[in-house]
Amino acid sequence: MSKILYTLTLFILLSITGFSQNPGELDPSFNGTGIIKMDISGGSETSHGIAVQPDHKIVVSMAADFDPASLSFDFAVMRFHENGLVDSTFGVNGVFHYENTLGSDIPYNLRLNADGTLFVTGSYSQTPNNTEFMVIKLLGDGSLDSSFAANGVLIQPINVGQDYGRGLTLDASGNLIVCGYSHTPGFNYRHNVLCRFSSA
């Protein structure tokens, strides 16, 4: 009897060990391999920000070259289901794309809000050498929130040079706070920048 119990216990332990994952291993339940590799624009793409919604959907901000001939990047935000499949109900077939033909726009950080909306901050090009702080606000379906700034897009000049919004948060009053840096024209150094925008 004890031999049978020992054999059964050993079988159970071996089964658990065989099917369990060690911390840090790729999770094959995510997209089959644990890795998503995809081309959404036909050109170069770089992801910068990521957040997980309460419903476990994954939101990623990225710079994407939708027009390889222009050699410039646009804001893009993409949403995935928990299993790694693209959420086609977000934006257009899973992707929000903000186009600017003046130069490259680079999103760096994103923030999910309790009401399901989303802030993304980065830089907006007036010219290739003159970028401004930029924040976009998206609704839960991946469309611009027209109640925020100018039809969902906030562009804030800091200096006549390259300004980049790199992080953002909300304070206790709901005001939007954005941090980043600004290149001083004619010099090789940067200044730290902190901005607060009214919630009203």
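For the single chain, residues carry numbers from 1 onward in sequence order. Reckoned from all heavy atoms, side chains included, excluding hydrogens, waters and symmetry mates.
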Hey, any chance Ile155 and Phe75 share a hydrophobic cluster, counting ILVMFWY side chains that come within less than 4.5 Å of each other, even indirectly? yes
Quick one: do Phe90 and Phe30 end up in the same hydrophobic cluster if we chain Ile, Leu, Val, Met, Phe, Trp and Tyr together by side-chain heavy atoms under 4.5 Å apart? no
Give a yes or no on whether Asn192 atom CG has more than 12 heavy-atom contacts from other residues, nucleotides or ligands under 6.0 Å away. no
Test side-chain contact (heavy atoms from CB on, under 4.5 Å) applied to Val120 and Val77, step by step: CA-CA 9 Å; Val120 185; Val77 181; 3.9 Å; yes
Does one hydrophobic cluster hold both Val60 and Leu118, with members joined at side-chain heavy-atom distances below 4.5 Å? no
Looking at CD of Glu82 and CD1 of Ile58, how far apart are the two atoms once the value is rounded to the nearest 0.5 Å? 7.5 Å
Asp74 and His97: side chain donor to acceptor below 3.5 Å: yes
Can you list everything that forms a salt bridge (Lys or Arg N to Asp or Glu O under 4.0 Å) with Arg190? Sequence neighbours excluded, please. none
Could you work out, with salt bridge (Lys or Arg N to Asp or Glu O under 4.0 Å) as the rule, every residue matching Asp65, not counting sequence neighbours? none
Under the rule for side-chain contact (heavy atoms from CB on, under 4.5 Å), what residues qualify as partners of Ser44, not counting sequence neighbours? Phe73
Please round to the nearest 0.5 Å and tell me the distance separating atom NE2 of His183 and atom CG of Asn129. 10.5 Å
Which distance, rounded to the nearest 0.5 Å, do you find between the NE2 of His81 and the OG of Ser88? 6.0 Å
Gap between atom SG of Cys179 and atom CG of Leu168 - 0.5 Å precision: 8.0 Å
Examine the side chains of Ser147 and Asp145 and answer whether a donor and an acceptor come within less than 3.5 Å of each other. yes
Side chains of Ser123 and Met134 in contact at under 4.5 Å (non-hydrogen atoms): no
Between Val52 and Met62, is there a shared hydrophobic cluster once you connect ILVMFWY residues whose side-chain heavy atoms come closer than 4.5 Å? yes
Assess, by modelled atom type and distance only, whether the side chains of Asp163 and Ser182 contain a donor and an acceptor separated by less than 3.5 Å. yes
For the pair Ile50 and Leu110, evaluate side-chain contact (heavy atoms from CB on, under 4.5 Å) and give the outcome as yes or no after the intermediate values. CA-CA 7 Å; Ile50 189 168; Leu110 59 83; 5.7 Å; no
Which residues share a ring-ring contact (aromatic ring centres under 6.0 Å, His included) with Phe80, sequence neighbours left out: none
Check step by step if side-chain contact (heavy atoms from CB on, under 4.5 Å) holds for Tyr124 and Asn100. CA-CA 8 Å; Tyr124 173 88; Asn100 175 18; 3.3 Å; yes
Evaluate Asn31 against Thr33 for side chain to side chain donor-acceptor pair (under 3.5 Å), listing each step before the verdict. CA-CA 6 Å; Asn31 198 42; Thr33 62; 4.6 Å; no
Verify, without hydrogens or angle tests, whether Ser61 (side chain) and Pro107 (backbone) share a donor-acceptor contact under 3.5 angstrom. no
Measure from the side-chain N and O atoms of Asp55 to the backbone N and O of Lys57, and report whether any donor-acceptor pair falls under 3.5 Å. yes
If you compare all heavy atoms of Ala149 against all heavy atoms of Val153, which two are closest, and at what distance to 0.1 Å? CB-O, 3.4 Å
What residue pairs, at least two apart or across chains, pass side chain to side chain donor-acceptor pair (under 3.5 Å) with a residue in residues 108-121? Arg111-Asn113, Asn113-Thr117, Asp115-Thr117
Give, for atom CG of Asn175 and atom OG of Ser198, the distance between the pair rounded to the nearest 0.5 Å. 5.5 Å
Output every pair passing ring pair (Phe, Tyr, Trp, His ring centres under 6.0 Å) with a member in residues 126-158, not counting sequence neighbours, ordered by first then second residue. Phe119-Phe148
Looking at side-chain heavy atoms only, is the closest gap between Leu144 and Ile136 below 4.5 Å? yes
Transitively linked via ILVMFWY side-chain contacts under 4.5 Å: Val95 with Val86? yes
Is there side-chain contact between Lys137 and Leu139, with heavy atoms separated by less than 4.5 Å? no
Find the distance between CD1 (Ile106) and OG (Ser125) and round it off to the nearest 0.5 Å. 7.5 Å
Heavy-atom closest contact (Ser72 atom, Ser104 atom, distance): CA-OG, 3.2 Å
What are the two closest heavy atoms between Ala51 and Leu112, and how far apart are they? CB-CD1, 3.5 Å
Check whether any side-chain heavy atom of Val135 sits under 4.5 Å from a side-chain heavy atom of Leu176, and report yes or no. yes
Does Asp39 form a side-chain contact (heavy atoms from CB on, under 4.5 Å) with Lys37? I'd like the steps, not just the answer. CA-CA 7 Å; Asp39 177 7; Lys37 294 185 291 184; over 6 Å; no
Would you call the rings of Phe96 and Tyr98 parallel, tilted or perpendicular, taking 30° and 60° as the class edges? parallel
